[in-house]
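For this chain, numbers begin at 1 and follow the sequence in order. What you see is a predicted model; the values in this text were computed from it and never measured.
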Amino acid sequence: MNENLFTSFITPMMLGLPLVTLIILFPSLLFPSSNRLINNRLISLQQWALQLMSKQMMSIHNTKGQTWTLMLMSLILFIGSTNLLGLLPHSFTPTTQLSMNLGMAIPLWAGAVITGFRNKTKASLAHFLPQGTPTPLIPMLVIIETISLFIQPMTLAVRLTANITAGHLLIHLIGGATLALTSISPTTALITFIILILLTILEFAVAMIQAYVFTLLVSLYLHDNT
């Protein structure tokens, strides 16, 4: 058992070079495209899931917002596949790194906000001051709304990082407890092993849900600015 709980979150190295780039590119190999007239079941299931997600997310958008469909679908596939691959033994999950999640959240948030200020300048500025605000509260509300605007990418990144990291830590702790209890109390070890299996199933669901939540919030930010 590895005593350091955070070893699995350290960026893997080979010959002194980080392997993050290769790990990030690997999920793209799991979604092959087909040029055949009739697709196989895997590609048909993939296309059905993409159509379902795009229809659910982009139905609220106007024509300008729907131009982001390809990027948002690529985002949810990337985050979901990366989270799922991170549940494999001896693997590394890039989405446990706050720096990477901020690298995804900040450009997407900035693009949505810049689009709003470019196309809907008056409406975007109106968000900083709700209608009917008393005059003495205007400076304070403007400051609060400005802070809430700039904190949006941080909340996106921290939410994803915290959920994925917490799940991995729980699996690590319960797995270590199961291994330690095997020689002490086999009955208790069996109970903790069952808990570990249930937690792993839950983490599969969390991995997909967090990818969906991240992309949905970006979609909502885009909707407010288009």
**Q** Which heavy atom of Ala105 sits nearest a heavy atom of Pro153, and at what distance?
**A**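 Taking every non-hydrogen atom into account, CB-O, 3.5 Å.
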
**Q** Ile151, Tyr221: one ILVMFWY side-chain cluster at the under-4.5 Å cut-off?
**A**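 No, it is not one cluster - the side chains of Ile151 and Tyr221 are not joined through contacts under 4.5 Å.
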
**Q** side-chain contact (heavy atoms from CB on, under 4.5 Å) for Asn101 and Leu156? Distances and angles first, verdict last.
**A** CA-CA 8 Å; Asn101 295 334; Leu156 278 176; over 6 Å; no

**Q** Which heavy atom of Met100 sits nearest to which heavy atom of Pro94, and what is that distance?
**A**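 Result for this residue pair: SD-CB, 3.2 Å.
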
**Q** Check whether any side-chain N or O of Trp109 sits under 3.5 Å from a backbone N or O of Phe150 as a donor-acceptor pair, and report yes or no.
**A**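 It does not hold such a pair.
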
**Q** With the side chain counted from C-beta on, respond yes when Thr93 and Leu85 share a heavy-atom pair under 4.5 Å apart, and no when they do not.
**A**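 A side-chain contact is absent here, since even the closest heavy-atom pair is not under 4.5 Å.
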
**Q** Going by atom types only, do His168 and Thr96 share a side-chain donor-acceptor pair under 3.5 Å?
**A**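 Judged by distance alone, the side chains do not pair up.
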
**Q** Do any N or O atoms from the side chain of Thr161 and from the backbone of Val158 form a donor-acceptor pair under 3.5 angstrom?
**A**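 Checking the backbone N and O of Val158 against the side chain of Thr161, no donor-acceptor pair under 3.5 Å is found.
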
**Q** Roughly how far, to the nearest 0.5 Å, is the OG1 atom of Thr192 from the CG atom of Leu199?
**A**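 One gets 12.0 Å once the value is rounded to the nearest 0.5 Å.
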
**Q** Could you tell me whether the side chain of Ile191 reaches within less than 4.5 Å of the side chain of Ile195, counting heavy atoms only?
**A**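 Yes, at least one pair of side-chain atoms sits under 4.5 Å.
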
**Q** Do the side chains of Ile197 and Ile194 get nearer than 4.5 Å, heavy atoms only?
**A**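 The answer is no; the side chains never approach within 4.5 Å.
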
**Q** Test your reading of the model: is there a side-chain donor-acceptor pair from Ser81 to the backbone of Phe78, 3.5 Å cut-off?
**A**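 Checking the backbone N and O of Phe78 against the side chain of Ser81, a donor-acceptor pair under 3.5 Å is found.
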
**Q** Please examine the side chains of Val218 and Leu72, heavy atoms only from C-beta on, and report whether any two atoms are closer than 4.5 Å.
**A**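 The answer is yes, as the side chains (C-beta and beyond) meet within the 4.5 Å cut-off.
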
**Q** Any link between Leu198 and Ile174 through a network of hydrophobic side chains (Ile, Leu, Val, Met, Phe, Trp, Tyr) touching at under 4.5 Å?
**A**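 Not linked; separate clusters.
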
**Q** Taking all non-hydrogen atoms of both residues into account, name the closest pair between Trp68 and Lys64 and its distance.
**A**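 Of all heavy-atom pairs spanning Trp68 and Lys64, the closest is CD1-O, 3.9 Å.
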
**Q** Assess, by modelled atom type and distance only, whether the side chains of Asn225 and Thr115 contain a donor and an acceptor separated by less than 3.5 Å.
**A**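 Not at all, the side chains of Asn225 and Thr115 share no donor-acceptor pair under 3.5 Å.
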
**Q** How far apart are the closest heavy atoms of Ala207 and Asn83, and which atoms are they?
**A**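 So the minimum-distance heavy-atom pair works out to O-ND2, 3.1 Å.
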
**Q** Would you give the length of the straight line joining atom CG of Leu170 to atom OG1 of Thr165, rounded to the nearest 0.5 angstrom?
**A**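 So the gap between those two atoms works out to 11.0 Å.
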
**Q** State yes or no: do Ile76 and Ile209 share one hydrophobic cluster built from I, L, V, M, F, W and Y residues joined by side-chain heavy-atom distances below 4.5 Å, directly or via other members?
**A**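 Per the 4.5 Å side-chain linkage, Ile76 and Ile209 are co-clustered.
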
**Q** Grab the two heavy atoms, one from Arg159 and one from Gln210, that are nearest each other, plus how far apart they are.
**A**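 Scanning both residues, the minimum pair turns out to be CG-OE1, 3.8 Å.
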
**Q** Return yes when atom CG of Leu70 has more than 12 non-hydrogen atoms of other residues, nucleotides or ligands closer than 6.0 Å, and no otherwise.
**A**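 At most 12 heavy atoms, drawn from other residues, nucleotides or ligands, come within 6.0 Å of this atom.
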
**Q** Membership question, hydrophobic clusters at under 4.5 Å side-chain separation (ILVMFWY): are Leu196 and Leu84 in the same one?
**A**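 They do share one cluster, since a chain of ILVMFWY contacts under 4.5 Å joins Leu84 to Leu196.
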
**Q** Looking at Ser219 and Thr215, would you say the former's side chain and the latter's main chain have a donor-acceptor pair under 3.5 Å?
**A**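 Pair absent, no side-chain N/O of Ser219 close to backbone of Thr215.
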
**Q** Report yes or no: do Leu160 and Val213 belong to one cluster of Ile/Leu/Val/Met/Phe/Trp/Tyr joined by side chain heavy-atom distances under 4.5 Å?
**A**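 Per the 4.5 Å side-chain linkage, Leu160 and Val213 are co-clustered.
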
**Q** How many angstroms lie between atom CD1 of Ile79 and atom CE of Met208, to the nearest 0.5 angstrom?
**A**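 If I round to the nearest 0.5 Å, the distance is 10.5 Å.
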
**Q** Give the minimum heavy-atom separation between Met57 and Leu216, together with the two atoms involved.
**A**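 Distance-wise, the nearest heavy atoms are CE-N, 3.9 Å.
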
**Q** Rounded to the nearest 0.5 Å, what separation is found between the CE atom of Met104 and the CZ atom of Phe214?
**A**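 Here the rounded value is 4.5 Å.
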
**Q** When rounded to the nearest 0.5 angstrom, what is the spacing between OG1 in Thr146 and CG in Leu141?
**A**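 Spacing of OG1 (Thr146) from CG (Leu141) equals 10.0 Å.
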
**Q** Are there over 12 heavy-atom neighbours, none belonging to Met73, within less than 6.0 Å of that residue's CE?
**A**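 Yes.
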
**Q** Distance from Gln152 atom CD to Leu217 atom CG, nearest 0.5 Å?
**A**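 It is 9.0 Å, given to the nearest 0.5 Å.
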
